[in-house]
Enquirer: 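One structure, as structure tokens, below. Some questions next.
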There are 4 protein chains.
Amino acid sequence: MSTSPRSRLRATDARLPPTAAAPPEGTRRRILETALQLFASRGYHDTSIRDLASALELRPSALYAHFAAKDHVLAELVRIGHEAHFEALETAFQGAKPTPADQVRALVHAHTRVHAEHPQLALVVNEEFYALSLELAAPAQALRDKANAMLLDAIQRGMAQGQFSPLHPHITAAAIVGMGSRIPHWFEPGGPIAVETLAKTHAELALRMLGSVSGA
Amino acid sequence: MSTSPRSRLRATDARLPPTAAAPPEGTRRRILETALQLFASRGYHDTSIRDLASALELRPSALYAHFAAKDHVLAELVRIGHEAHFEALETAFQGAKPTPADQVRALVHAHTRVHAEHPQLALVVNEEFYALSLELAAPAQALRDKANAMLLDAIQRGMAQGQFSPLHPHITAAAIVGMGSRIPHWFEPGGPIAVETLAKTHAELALRMLGSVSGA
Amino acid sequence: MSTSPRSRLRATDARLPPTAAAPPEGTRRRILETALQLFASRGYHDTSIRDLASALELRPSALYAHFAAKDHVLAELVRIGHEAHFEALETAFQGAKPTPADQVRALVHAHTRVHAEHPQLALVVNEEFYALSLELAAPAQALRDKANAMLLDAIQRGMAQGQFSPLHPHITAAAIVGMGSRIPHWFEPGGPIAVETLAKTHAELALRMLGSVSGA
Amino acid sequence: MSTSPRSRLRATDARLPPTAAAPPEGTRRRILETALQLFASRGYHDTSIRDLASALELRPSALYAHFAAKDHVLAELVRIGHEAHFEALETAFQGAKPTPADQVRALVHAHTRVHAEHPQLALVVNEEFYALSLELAAPAQALRDKANAMLLDAIQRGMAQGQFSPLHPHITAAAIVGMGSRIPHWFEPGGPIAVETLAKTHAELALRMLGSVSGA
DNA sequence: TATGAATGAGTCTTCATTCAT
DNA sequence: TATGAATGAAGACTCATTCAT
């Protein structure tokens, strides 16, 4: 009769990014990776504990030795995703020349890489974030706010220095950040466009949007 | 103990856009509007028939006098959303001067308006689309493809005429279309930014991204 | 939202009575004492092996080194409770003057003391007894029958000797025994009423109920 | 291997007492009566929704059209039990001659009848009460307090008038009330002892315990 | 059009228990 | 003795849906 729901993304090998602090190991890691793939392709609410267990060739009850509840799995993925994202942004920022244009370029480049290299995680972080309770979402929300502030700050310094002339800073910042969020929906890692090409292009697009005097 | 999931968007009054063909009336319309609000704020899979019925002050079984199944409600919303979107794009295109720059401006302007004026519908169309079976999604998919083709065609004509110099046409097109999809996540209708401001800004941003010689 | 179930008794320090034969030691004893407290306050069926283990700061599987199964813990408590009860009754009976009135007084006094000094054990013995299979309950049942017979025998001798004139021997015996069973539900050890006061009062009440000629 | 748990009482036909206000009807009534039998014989925590549904020849989910949750069924039984009990006590009190002895006799007689005629309900009310949250137990607790106060008040008036000379009023009141609570554990309705015999005997036992000058 | 009662499959989670270490 | 990981059955409850009224 009716066809099953489709996957929301093209990518199929869900990897966890390396994180500084205590990377998960063993079964806990396998659960996270499998959940990542399922949550990304079908959504948190459309993935049951049974689906997850069966993909892991485990009984549902076995999962509860590793996570207290289904939403704790999501919360952990969201936390990992935000940490990897924030660390990448910080590293990029620190490696950039101290000009607003270079900082924006570096931030957008890193933002894009993270989304392109970990499209499942990016999708889960962006779309399933709202399935978490405020409590479980809080650590991620804090990082999210800090990351946004980094970019906004660079933009505002660029404007103050006469380097940027965005039509509307708020709208432009949203558009720049949004380019990253959209990546998992169309970009295929290993496909015709290289991650590096995408990252460089997004960085230059951001500068164009900002009307950067030294833009592409 | 734990807080309930948050809403994905700020908007709270879910209106259906006027459509050319057979606008829904009476209870059927109420169901669609209420489902729109719920599907947008919590997602299709996290909204039960009971939630929907209770928001309507109706018993669950009463809904089946109006829709054959839960996914038919979503399919109808997705259809309405795509039709309104496509009609807006067509009208805009026909009203534009026959230059690629003006056509892109008109298309992006219309694309933005639709997303900003109907954020719930935009969200449902973009995020819950994948919950539909291929069969139920097919009519919407056709319109989606046609709309994308309109924009891509204008871009390619602009490039052929030397009006546009995008860094990477594919990536740029994705970025332009993506600006619209992100609107429901941050834009607040009735908030500090007017819809018209947003639409004009996005249109000019698109031309900047394309490196339009007559850009803003 | 909703409040947790309440405890059935006021007492909170669950002690095991000294028993003649092989008192439990070490972890086995800790398990019994903790189980006693939990079974008494929340009931056997509402206490999980996990609850028990967690109260003991042990992992659930560790309990199985000490008891073959959950119901063996209960069976052991029930056995201990019945043995302590029966021993107390026997000792009291042997120490009493050989008159029915004095024997009843001694039996009720001892019966009351046991219930007042070990309210958790009394509760578990009386209310959770039925959770045991016939096999596991059998040793306790035998002691229970013997204890009842001791009291009934004294009453009947008292009647035969014209010392007692109960309205209805069967009903009266049930009422006398029942006074003890109720103790854990209202009596607070260490509270305003001393155990000895309670025991003496119950003993005299029993004689009043029997219409003892030498009663209070 | 092991024998199943035994029933806590002998009675097998669980009837609901008539109540003044809105007696339950149809399936709701059947659920209550069947739950009453199961909760009484095996306890609330040892009776699953599946057990209940299967005894009713219904699917578990069907129960949720009538009760919001398992504990609501218990709460309703507890409420009905307390209301029937309190109404019986009030009626008895109003029909008694205005002397403490007659009032105590009437109250204990009614208290006993209720327990003897509805042993399952008495058991559930007394033993499963603690499985309810404070919220759900509150209405019953209020009636319980009022009923106890009625008896205590009569006892105290009797003492003030020199009619009663209890050894210890508090202990004696507990013993009198406790006679009723024990009934379901040993009394068999339709057995050798008539309900009326039991009620009269308990009433006279109470007066004996109080040392009533006009007692039996 | 709407309802109340019911269903069968499914939800997440907990249960007592086992077993290799 | 104690643990961590696992299991299979069962826990209460919700799901979308049907159907007689």
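The chains referred to below are lettered A, B, ... by the order of the sequence lines, with proteins before strands, and numbering in each begins at 1.
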Enquirer: Taking salt bridge (Lys or Arg N to Asp or Glu O under 4.0 Å) as the definition, give me every residue that meets it alongside A:R15, ordered by chain and number, with sequence neighbours left out.
Expert: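 Partners of A:R15 under the salt bridge (Lys or Arg N to Asp or Glu O under 4.0 Å) test: A:D13.
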Enquirer: Figure out the OH/P separation between D:Y64 and F:dC15, and round it to whole Å.
Expert: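 Atom OH in D:Y64 sits about 13 Å away from atom P in F:dC15.
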Enquirer: Rounded to the nearest Å, what distance is computed from the NE2 atom of residue D:H45 to the P atom of nucleotide E:dT14?
Expert: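 Roughly 16 Å, once rounded to whole Å.
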Enquirer: For A:L56 and F:dT7, what is the distance between atoms CG and C1' respectively, to the nearest whole Å?
Expert: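 Atom-to-atom, A:L56 to F:dT7, this comes out as 15 Å.
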Enquirer: For D:F67 and F:dT14, give me the distance from atom CZ to atom P, rounded to whole Å.
Expert: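 These atoms are roughly 15 Å apart.
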Enquirer: Separation of C:D46 atom CG from E:dA16 atom P, in whole Å?
Expert: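 To the nearest whole Å, that distance equals 10 Å.
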Enquirer: Give every residue pair that meets the side-chain hydrogen bond (donor to acceptor under 3.5 Å, both in side chains) criterion with at least one member in residues 47-62 of chain C, sequence neighbours excluded.
Expert: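 Counting only pairs at least two positions apart or across chains, the side-chain hydrogen bond (donor to acceptor under 3.5 Å, both in side chains) contacts touching residues 47-62 of chain C are C:R42-C:D51, C:S48-C:D51.
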Enquirer: ring-ring contact (aromatic ring centres under 6.0 Å, His included) with C:H82: which residues, sequence neighbours excluded?
Expert: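 For C:H82 the ring-ring contact (aromatic ring centres under 6.0 Å, His included) partners, ignoring immediate neighbours, are C:F129.
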Enquirer: Please enumerate all residues that pass side chain to side chain donor-acceptor pair (under 3.5 Å) together with D:E127, with sequence neighbours excluded.
Expert: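 Side chain to side chain donor-acceptor pair (under 3.5 Å) list for D:E127, sorted by chain: empty.
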Enquirer: On DNA chain E, nearest-nucleotide positions of A:T47 versus C:A69: which is more 5'?
Expert: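 On the 5' side of the pair lies A:T47.
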Enquirer: Touch check for A:I49, heavy atoms < 4.0 angstrom, all strands: base, sugar-phosphate only, or nothing?
Expert: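 Contact class for A:I49: base.
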Enquirer: Using atom names, set out every protein N or O paired with an N or O of nucleotides 5-9 of chain E below 3.5 Å, distance rounded to 0.1 Å.
Expert:
unit_1	atom_1	unit_2	atom_2	d
E:dA6	OP1	D:T27	OG1	3.4
E:dA6	OP2	D:H66	NE2	2.6
E:dT7	OP1	D:R59	NH2	3.4
E:dT7	OP2	D:R59	N	3.1
E:dG8	N7	D:S61	OG	3.4
E:dG8	O6	D:S61	OG	3.0

Enquirer: Are OP1 or OP2 of F:dC15 and a side-chain N or O of B:S48 less than 4.0 angstrom apart?
Expert: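 Looking at the OP1 and OP2 atoms of F:dC15, one of them is under 4.0 Å from a side-chain N or O of B:S48.
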Enquirer: Could you work out, with salt bridge (Lys or Arg N to Asp or Glu O under 4.0 Å) as the rule, every residue matching D:R28, not counting sequence neighbours?
Expert: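 Salt bridge (Lys or Arg N to Asp or Glu O under 4.0 Å) check on D:R28 returns D:E76.
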Enquirer: What's the NZ-C1' distance between C:K70 and E:dT18, to the nearest Å?
Expert: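 My rounded result for the distance is 17 Å.
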Enquirer: Residues two or more places apart in sequence or in another chain: which of them pass side-chain contact (heavy atoms from CB on, under 4.5 Å) with B:A138?
Expert: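 For B:A138, no residue satisfies side-chain contact (heavy atoms from CB on, under 4.5 Å) once neighbours in sequence are set aside.
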Enquirer: Here's one to test your reading of the geometry: is the NZ or CZ of C:K70 within 45 degrees of the ring axis of C:Y44 and under 6.0 Å from its centre?
Expert: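 Yes, a cation-pi geometry.
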Enquirer: Which comes earlier along DNA chain E counting from the 5' end, the contact point of A:Y44 or that of C:A68, where each point is its nearest nucleotide?
Expert: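 Its nearest nucleotide being more 5', the pick is A:Y44.
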Enquirer: Measure CG/D:D51 against P/F:dA9 and give the value in whole Å, please.
Expert: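 In whole Å, F:dA9 P and D:D51 CG are 17 Å from each other.
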Enquirer: Please, what dot-bracket string fits DNA chain F when only Watson-Crick and G-U pairs with both distances under 3.5 Å count, crossing ones use [ ] and pairs to another strand use |?
Expert: .||||||||||||||||||||
Enquirer: Has the side chain of C:R30 got a donor or acceptor atom that lies under 3.5 Å from a matching backbone atom of C:L56?
Expert: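 Present.
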Enquirer: Which residues pass the side chain to side chain donor-acceptor pair (under 3.5 Å) test with D:E33, not counting sequence neighbours?
Expert: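 Applying side chain to side chain donor-acceptor pair (under 3.5 Å) to D:E33 gives D:R29.
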Enquirer: How many Å lie between CG on C:L52 and P on E:dC15, as a whole number?
Expert: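 Taking atom P of E:dC15 as the reference, CG of C:L52 is at 12 Å.
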